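What you see is a predicted model; the values in this text were computed from it and never measured. Throughout, a chain's letter reflects where its sequence line sits, starting with A, and its residues are numbered from 1. Side-chain atoms are counted along with the backbone in the values below, which use heavy atoms only and exclude waters and symmetry mates.
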Protein chains: 2
Amino acid sequence: MNDPAPSRAARLADVAELAGVSAATASRALNGSDRGVREVNRVRVLEAAKTLGYTTNFAAQAVAKGRSRGVTLVVKGMPDDFANPITAGVVAAAQRRGLPFTLISAGTDPADLVEAVNLARGHRPEILMIAGGRTKDDATLPALVEALQRYEAEGGRVVLVTQEGLPFDTVAYANRQGGYDMATALVGLGYRHFAVISGLKHGLTQRDRTEGFAAGLADAGIELSADRVLIGEFDRDAAYALTGELLRRNIAVDAIFAVNDAMALGVLTFLRDSGDPKRIAVAGFDDIKALRDVTPALTTVRLPWEQVADEALALALGPRGDEPRTTVVKGHVIVRESTPPVTH
Amino acid sequence: MNDPAPSRAARLADVAELAGVSAATASRALNGSDRGVREVNRVRVLEAAKTLGYTTNFAAQAVAKGRSRGVTLVVKGMPDDFANPITAGVVAAAQRRGLPFTLISAGTDPADLVEAVNLARGHRPEILMIAGGRTKDDATLPALVEALQRYEAEGGRVVLVTQEGLPFDTVAYANRQGGYDMATALVGLGYRHFAVISGLKHGLTQRDRTEGFAAGLADAGIELSADRVLIGEFDRDAAYALTGELLRRNIAVDAIFAVNDAMALGVLTFLRDSGDPKRIAVAGFDDIKALRDVTPALTTVRLPWEQVADEALALALGPRGDEPRTTVVKGHVIVRESTPPVTH
DNA sequence: CTGTTAGCGCCTTCAT
DNA sequence: ATGAAGGCGCTAACAG
């Protein structure tokens, strides 16, 4: 039952031999794009491969071809329960197209991203995707851009999801617009006194959402003063803590806009933990799945994740453009129970 | 700014040339484990690599070495928001040890798993992990076992997470025990009339949890009749629907045990949607992160996910055992608000 | 410590 | 339609 001698994996040559053909023919039958193999041989090769338990050695294939099939996605931090609907979307989209998918998760430090990208480069995938928001004044940005440009020069395709403004094909969200629309919606529901729970100062995603929100309020004649914008990490726990700080400041607030759903959940949970959850309305951004099981149901800006991943892959698989192209995906406000209409 | 001629990626030979050494030396300086390189040359090589933007070609490295560094994890279905704390755990554990991580997600069909494993084999990773529960009477099991045995014979390491009872190193959860403990805890809280929302008939995980639960009840003198065990898919939406069916049956129930948290969330949400959430207590299994933001806070069996991933990697990295080893990770009941004490 | 020489397994001309 | 031969980029074994 157990082979005592650590046998070696079956190679193409073994299959060819067993099938009584040359390696070249076996290769064509197994992986080659041409039809140039007689049916008899095709069948023989396939059978031989099966009895030998042959698996294509992708590494060797990649060396020979100079590039390996599939998508490699680099994400910042871990694709945890909340953060990465993108990841799930890309996995699904890649699967749908039969593309091998590889995930590389970088640390949260900007420098880690560059390192992860270089690691990814080492795999020479046809498509290299990078997910996650860009930060302003990022000292490592030139290094990142250089690594990616090199990669493209080497023949690879690069697609950025969310990292707007870099010279590569990009799928971006209409963050500003989403924030603006949310502000409009909340004002329409009757809210007047707002606070924003936002992320890291330099995060462009959160900045745009916040600015859009402020602009929306401004157009409705409401000013969002600086002390009503709280800033911390871009995650749930930070939002939980920030909400506490906000309440301690004791300023009149009837609605809180959190720049993403994970944070909105933190806000919601804090409010609940601290007694009266209904006193303040809460809205988020993203429409992640986890929202479905939360009370009150969370008002948010829904982003079409499947479409995001699909656009990204479409960009990468389509013809290379002369100029970097940017596809902007728009979200739309979904009003739920967490922001009931107010009657003045 | 943009190179017109699609240049080729820098190779080791290029680095060596620029550094004025042989490829072998460059290799040793860059990747070799030995220290056998003079400091002067080391520095020269590293610099050359930097100016050339050199990245190790992992594919070529893998071909030369016969195996590629890192962990490849095969998961059933998609690692969605709920389902896969395992994935997150493994990503983190691999990162901690500096191991490249690759994810391959198989379809939900058992045959897809075999296919995915063969795909993974093609990458020749040192470690191949498979996550996800085993199913009973699975016709594809022999094929799976064969593929994995071949892989081990070729020198790779295989670790199963959750797929108990197969002849490979395994990290399993104490599912039966967890179910038993949960039953005991609920009875201790004063509940008497139970129902179980379970998954696919053939899923071993859910079967064990259910059986353990029934056994716990039995030891407390309570019988769990067959009509109180509802079965469907192993996910939230199924649980949501099943809860409706349960209530329609109109049998006395004061507590529902769902065999995982995702399903428990479905139960909870259905109860809420249908009016009176507090009428029936709900308990789950896993303690996924998403529970933190749900009301009422969910009673569950907490599984130590970080530890699971760590054990798995430890098994794979440690010396190869003569016999397949199984590490059983135990969970413990955490009582929260969804199962308040009952006073009779 | 370093260079030379063979491969690793596969794909791709180029003939046949 | 098929086979032979060379090369992909890297590492390992063997000199020196």
Starting at [atom1] of [X] and ending at [atom2] of [N], how long is that distance when rounded to a whole Å?
| X | N | atom1 | atom2 | value |
| --- | --- | --- | --- | --- |
| B/Leu30 | D/dG9 | CG | P | 16 Å |
| A/Glu17 | D/dG3 | CD | P | 13 Å |
| A/Arg44 | D/dA1 | CZ | P | 16 Å |
| B/Arg42 | C/dT2 | CZ | C1' | 15 Å |

Measuring only between side-chain heavy atoms, which start at C-beta, is B/Leu317 closer than 4.5 Å to B/Leu99?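 In contact.
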
Evaluate the side-chain proximity of B/Leu73 to B/Phe101: yes if any heavy-atom separation is below 4.5 Å, no if none is. yes

Strictly distance-based, threshold 3.5 Å: is any side-chain N or O of A/Asn118 a donor or acceptor partner for the main-chain N or O of A/Glu115? no

Report the distance from atom CG of A/Leu52 to atom CZ of B/Arg150, rounding to the nearest 0.5 Å.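 Interatomic distance, A/Leu52 CG to B/Arg150 CZ, rounded to 0.5 Å: 7.0 Å.
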
Is the closest basic N to carboxylate O distance between A/Arg42 and A/Glu39 below 4.0 Å?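 So A/Arg42 pairs with A/Glu39 through a salt bridge.
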
According to the interplanar angle, ranging from 0 to 90°, do the rings of B/Trp305 and B/Tyr173 count as parallel (below 30°), tilted (30 to 60°) or perpendicular (above 60°)?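 Ring orientation, 0 to 90° scale: perpendicular.
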
Check the phosphate of C/dG3 against B/Ser22, side-chain N and O only, distance under 4.0 Å to OP1 or OP2. Yes or no? yes

Each nucleotide in nucleotides 9-16 of chain C should get exactly one letter: B, S or -. Can you fill that in based on protein heavy atoms under 4.0 Å? BBSB----

